[in-house]
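First the structure, in the form of structure tokens, and then the observations on it.
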Amino acid sequence: MSSLRKIIVLLLVLLAFGALRLKFERQMLTEFRDAGLMREQNHLESRDRIDQTSSAVALGGLRTLVATFLNLRAHGYFERQAWNELQDTYETIVNLAPQTRYYWETGSWHMAYNAASYYLHESSRPPLRRKELWRSSILQGRYFLERGIGNNPRDWSLHASLGHMLRDPNKLPAMRDRDAALMAAHEAYDRSVELGCFSPMLNQRLSLYCLARVRGRESEALELARTLHEDPRHHKPTLLILLYVLEFDADPDQDAGALALRIFGDAKTAYEALAHHWRGNREGYPMDGVAQGLARMEGLLGIPPLQSILGQKLAPGFNPDDWFK
Amino acid sequence: MSESTPTPAFKASHASRMVTLSLHAFTQLVRMKVFYFLAVFAVIVIGSNFFDMAQHQGPESVGANVLRNIKSWSLGAMALFAVVISIVATALLLPRDIEDRTLYTVLAKPVPRIDYLVGRLMGVLLLVFVSLAVMDLLMVAALHLRTGMVMEMQEKMAVGRGWPEEAIQSLKQETLASGVNWQLQAAVLAIFLKVAVMAAICLSVSTFSTSTLFTTVVSFLIFFIGHFQADALDFYLKGVEAGTSTFSQYLALGFSLFIPNFQLFNVVDGLVQNQPITLLMVGKLVMMACYYVLLYTLLAWWIFSDKEV
């Protein structure tokens with residue numbers, strides 16, 4: 001057979017076999033993509049961000065390998081406090097390995113915690129500029145985590161991490177709407193419990209701690225606090241305090257002393273818990289009935305008015321303006 | 001002289017001939033000291049244990065990154081080594097057989113050319129299989145040891161933080177799932193299948209190629225281009241809606257028809273990230289790989305059948 005004829009036959013065979021496999025291959029690709037085993041190919045964004053060699057390696061089905069090396073590079077940026085490069089690198093990493101929880105959490109942690117803390121203490125920029133950078137770092141960290149959840153909606157840890165971030169009193173002032181952020185944290189904790197987190201009881205309580213701080217949701221929070229209180233394993237100081245303040249909020253005319261004794265068991269425990277709450281309320285928990293309860297417990301314990309904790313000033317809440325003076 | 005039933009001359013079957021040729025090819029390749037690369041692989045696996053990044057969360061984060069590193073680096077190295085070995089070994093075989101005149105000796109005997117080609121291909125695949133199996137063993141051993149260490153550290157930290165027993169058990173389950181499991185073996189199988197297809201393509205190229213270098217370069221090109229096949233097909237299918245020029249569309253279609261789709265075998269990334277794969281999916285991958293290997297081996301035979309040697 002002449003060479004030309006051979007080549008023509010060869011091409012025809014390849015075409016015919018190609019046509020035969022095409023439909024089946026396409027179905028397989030769709031099936032694998034739906035199962036999360038591979039991603040759509042058109043990741044121009046990540047292809048643009050990584051160099052040619054890494055791009056070739058990633059293309060060869062080794063995206064996670066490139067991601068691990070970029071993670072090492074990102075650690076270098078972290079040590080050098082090169083936050084913009086670090087953010088860019090994590091954007092690429094999560095493009096390459098979107099199903100790896102660690103990258104979403106670490107990227108978000110670097111932005112919302114490390115970069116934000118850096119701008120808080122950095123002295124080379126004017127205060128207003130630092131404040132804006134601090135705020136935007138936290139918001140970027142939040143957005144990053146939310147994108148992680150969008151990519152992995154069934155990952156409890158990402159939901160819990162979002163909850164931790166949004167309930168953090170150091171981060172809350174950066175949020176435009178404090179109540180909405182706390183509500184989002186409450187929902188994130190609930191979702192992490194639904195998805196089977198390692199410590200469901202802790203996350204249930206954390207969910208309550210967020211809801212209790214949302215203005216206008218007191219009755220809902222009280223209901224949740226009562227439900228959790230039914231299980232003695234939930235009897236932790238913060239939960240008992242919140243049950244107390246929410247019960248008092250629901251009925252401000254009731255006897256604060258009787259309520260405190262009912263919830264805490266005895267005057268000494270009640271006094272210590274209420275005093276601790278009074279002194280350390282930087283997290284913005286409600287304070288309904290705390291002063292009344294303390295007054296009643298001081299009476300019961302015979303604490304002289306001069307030593308009353310109510311004479312002490314309340315700790316000021318967090319105000320970012322003070323941090324950037 | 002009475003007629004007696006003639007003693008049947010020993011006539012080897014296709015299978016036995018192929019096995020003999022494949023073992024010969026395997027021995028030939030082993031003598032080239034290809035297994036030295038395993039020392040490099042061992043260094044990579046051990047090295048991946050030392051890149052533990054700063055942790056920012058509770059016990060669940062301890063060591064999670066190291067386990068992923070071991071899997072990702074090991075599977076990555078396996079894929080790279082396996083592809084290089086398969087292409088270079090296949091590209092070397094035919095020219096070497098011609099050079100040391102083994103080919104003439106073999107073909108002078110009643111050995112069909114298809115047996116010769118399949119035997120050589122099987123030799124290369126055996127080499128790749130043994131290499132992958134050894135690398136797999138090293139990876140599994142390292143991962144198993146490290147998983148145990150990670151679980152111990154996590155338990156210590158969790159107990160220190162007062163985690164309840166059920167939470168600790170749940171954490172252990174999750175860590176175990178990130179350790180040695182069958183999903184990893186599916187990833188290794190996917191690498192082997194991809195490499196088998198590549199070896200078959202390389203064999204076809206080597207039947208008409210004039211040099212080892214040409215075969216190697218063309219095979220690597222096909223390997224990389226094959227990862228764009230899915231893009232080309234997407235372009236063709238979406239191009240119809242997007243109003244792309246007819247010429248571009250047909251070019252993309254032709255490309256998707258001629259070039260094998262290597263993206264299909266890139267399930268390793270998903271498996272490293274603990275995405276589940278079903279037995280049916282693995283079966284489909286095997287089928288697709290067999291389809292390609294068969295096609296390219298037949299093409300190689302067809303080209304080689306009337307080649308002057």
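Order of the sequence lines fixes the chain letters, A, B, ..., with proteins taken first and strands second; residue numbering starts at 1 for each chain.
Residues B:Leu253 and A:Leu22 have side chains in contact (heavy-atom distance under 4.5 Å, counting atoms from C-beta outward). The side-chain heavy atoms of A:Leu14 and B:Leu295, taken from C-beta on, include a pair separated by under 4.5 Å. No side-chain heavy atom of A:Phe198 sits under 4.5 Å from any side-chain heavy atom of B:Glu166. B:Val268 has its side chain out of reach of A:Leu37: every pair of non-hydrogen atoms, C-beta onward, lies at least 4.5 Å apart. No side-chain heavy atom of A:Leu10 sits less than 4.5 Å from a side-chain heavy atom of B:Phe208.
Contacts between B:Leu285 and chain A at a heavy-atom distance below 4.5 Å involve backbone atoms as well as side-chain atoms. Within the 4.5 angstrom heavy-atom criterion, only side-chain atoms of B:Gln229, from C-beta onward, approach chain A. In this structure, the portions of B:Ile303 lying under 4.5 Å from any heavy atom of chain A include both its backbone and its side chain. Only the side chain of B:Met288 comes within contact range of chain A, judged by heavy atoms closer than 4.5 Å. In this structure, no portion of B:Phe262 lies under 4.5 Å from any heavy atom of chain A. Only the side chain of B:Val272 comes within contact range of chain A, judged by heavy atoms closer than 4.5 Å. Residue A:Pro200 does not touch chain B at all, counting heavy-atom pairs closer than 4.5 Å. Interface remark: A:Leu11 contributes backbone and side-chain atoms alike to the contact with chain B (heavy atom separation under 4.5 Å).
Listed for the B:Gln273 side chain is a donor-acceptor partner under 3.5 Å among the backbone atoms of A:Gln99. With hydrogens and angles ignored, the 3.5 Å screen pairs a side-chain donor or acceptor of B:Tyr291 with a backbone N or O of A:Phe17.
Within a 6.0 Å sphere centred on CH2 of A:Trp83, heavy atoms belonging to other residues, nucleotides or ligands number more than 12.
Atom CG of B:Leu171 sits about 10.0 Å away from atom OG of A:Ser199, to the nearest 0.5 Å. The CG atom of A:Leu29 sits 5.0 Å away from atom CG of B:Asn261, with the distance rounded to the nearest 0.5 Å. Summarising the geometry, atom CG belonging to B:Asp269 is positioned 8.5 Å from atom CG belonging to A:Leu96; distances are rounded to the nearest 0.5 Å. B:Leu264 CG to A:Arg26 CZ: the interatomic distance, rounded to the nearest 0.5 Å, is 11.0 Å. Taking CD from B:Glu174 and SG from A:Cys197, the interatomic distance works out to 10.5 Å, rounded to the nearest 0.5 Å.
The two atoms that bring B:Ser72 and A:Thr68 nearest to each other are OG-CG2, 3.6 Å, heavy atoms only.
Salt-bridge formation is not detected for the pair B:Lys284/A:Glu25: no Lys NZ or Arg NE/NH1/NH2 atom is positioned less than 4.0 Å from an Asp or Glu carboxylate oxygen.
Ring pair B:Trp73/A:Phe69 is parallel by interplanar angle, where below 30° counts as parallel and above 60° as perpendicular.
A:Ile149 meets the side-chain contact (heavy atoms from CB on, under 4.5 Å) test with A:Leu158, A:His159, A:Leu162; sequence neighbours excluded.
Seen from the ring of B:Tyr292, A:Arg21 does not count as a face-on cation partner, given the 6.0 Å and 45° thresholds.
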